[in-house]
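Structure first, commentary second.
Model, not experiment: these values are computed from the prediction.
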Amino acid sequence: MLIPHDTRSALDTVVDLVNTAPESEPPEDGPTDGLVEGLDDGIADVAALYAFAERHHISGVGTLGEKDLNAVRDVRSRFAEVFAAPDARTAADLVNRLVAAAGTTPQLTDHDGYDWHVHYFAPDASLADHLAADCGMALAFIIVAGEQERLRRCEAPDCGRAFVDLSRNRSRRYCSSRTCGNRLHVAAYRARRREAGA
């Protein structure tokens, strides 16, 4: 699946945004039963929101406040609904509402060493509208391509983080093969060894 740079960047951003929600964070000290509740919010305050915008090279952020923080959290929860959508029609409806509410204004731009690409947000858009428009259109790209099933949650029982499966055969099951995937494979191997030794 060929994905333009700006769409890939927006997909990375939306995955990271969804995974800032407390229930999306993996535990640091081992397995639990299901998603972990009560963990710190990855965008707990305005300083964390600035850090998120900087980490994803979001330009034109301006001055942020509590209103922006609450608006971005609302957009985050609506993106989480897209990842949980049972089918493409439901996902498309959710994305359509997000993008429409953001006041999408497509415009061509070439900046920061990248060739021409499309920004979907108005030049003076709030951070929440910027994320809703650009990330919403990136999710729309996936849905239009008939690939909604690539929007997934990690299958590790103690994780649940969002990811976009960009593997060739759509076979990725874990947010990270190094952490969740490897941990589950090691656990399965040890269980087989215990069973064989019993």
Problem set entry | Candidate pair D74 and F79, rule side chain to side chain contact (heavy atoms under 4.5 Å, CB included), full reasoning | CA-CA 9 Å; D74 179 58; F79 279 136; over 6 Å; no

For this session: Could you walk me through whether F83 and R153 pass the side chain to side chain contact (heavy atoms under 4.5 Å, CB included) test, one step at a time?
Result: CA-CA 7 Å; F83 277 83; R153 290 289 187 157; 4.3 Å; yes

Problem set entry | Evaluation steps, side chain to side chain contact (heavy atoms under 4.5 Å, CB included), between V164 and R152 | CA-CA 6 Å; V164 179; R152 299 198 174 152; over 6 Å; no

For this session: Test F52 against L17 for side chain to side chain contact (heavy atoms under 4.5 Å, CB included), laying out the working first.
Result: CA-CA 8 Å; F52 177 88; L17 179 62; 3.7 Å; yes

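Side-chain contact between E155 and Y174 is present, with at least one heavy-atom pair separated by less than 4.5 Å. Between T7 and I142 the shortest side-chain heavy-atom distance does not fall below 4.5 Å. By the 4.5 Å heavy-atom criterion applied to side chains, I143 and E147 are not counted as neighbours. Side-chain contact check for L64 versus L127: some heavy-atom pair is nearer than 4.5 Å. Contact check for V14 versus V82: no side-chain heavy atoms found under the 4.5 Å cut-off. Under the 4.5 Å side-chain criterion, counting only non-hydrogen atoms from C-beta, D16 is in contact with R55. Annotation: side chain of T63 is in contact with side chain of Y50 (closest heavy-atom distance under 4.5 Å).
For T90, the side-chain hydrogen bond (donor to acceptor under 3.5 Å, both in side chains) partners two or more places apart in sequence, or in a different chain, are D87. With sequence neighbours excluded, no residue forms a salt bridge (charged side-chain N to carboxylate O under 4.0 Å, His left out) with E81. S77 meets the side-chain hydrogen bond (donor to acceptor under 3.5 Å, both in side chains) test with no other residue; sequence neighbours excluded. Partners of N70 under the side-chain hydrogen bond (donor to acceptor under 3.5 Å, both in side chains) rule, at least two apart in sequence or in another chain, do not exist in this structure. In this structure, the side-chain hydrogen bond (donor to acceptor under 3.5 Å, both in side chains) partners of T13, at least two apart in sequence or on a different chain, are H56.
Put simply, V144 and L139 are part of two different groups of oily side chains (I, L, V, M, F, W, Y) that touch within less than 4.5 Å, one to the next. In this structure, F121 is not a member of the same hydrophobic cluster as I58, with clusters built from ILVMFWY side-chain heavy atoms closer than 4.5 Å. When the side chains of ILVMFWY residues are joined at heavy-atom separations under 4.5 Å, either directly or via intervening members, L11 and V75 end up in a single hydrophobic cluster. No path of Ile, Leu, Val, Met, Phe, Trp and Tyr side chains, each step under 4.5 Å between heavy atoms, connects F163 with V18, placing them in separate hydrophobic clusters.
Screening residues 88-110 for salt bridge (Lys or Arg N to Asp or Glu O under 4.0 Å) gives D93-R97 as the qualifying pairs, with residues at least two apart or on separate chains.
Checking side-chain atoms of D134 against main-chain N and O of Y120 turns up a donor-acceptor pair under 3.5 Å. Checking side-chain atoms of R73 against main-chain N and O of A44 turns up a donor-acceptor pair under 3.5 Å.
Closest of all the heavy-atom pairs between A162 and V15 is O-CG1, 3.3 Å. Closest heavy-atom contact between V95 and A140: CG1-CB, 4.1 Å. The two atoms that bring C175 and C154 nearest to each other are N-SG, 3.3 Å, heavy atoms only. Here the closest heavy-atom approach between residue D68 and residue S126 is recorded as OD1-CB, 4.4 Å. Among all heavy-atom pairs drawn from N169 and S171, the shortest one is OD1-OG, 2.6 Å. The nearest pair of heavy atoms linking L94 to A85 is CD1-CB, 4.3 Å.
Using a 4.0 Å cut-off between charged side-chain N and carboxylate O, D165 and R170 make no salt bridge. Look at R76 and D41 and you find a salt bridge, because one of the NZ, NE, NH1 or NH2 atoms lies within 4.0 Å of a carboxylate O, short of that distance.
Other residues, nucleotides and ligands place more than 12 heavy atoms under 6.0 Å from the CD atom of Q107.
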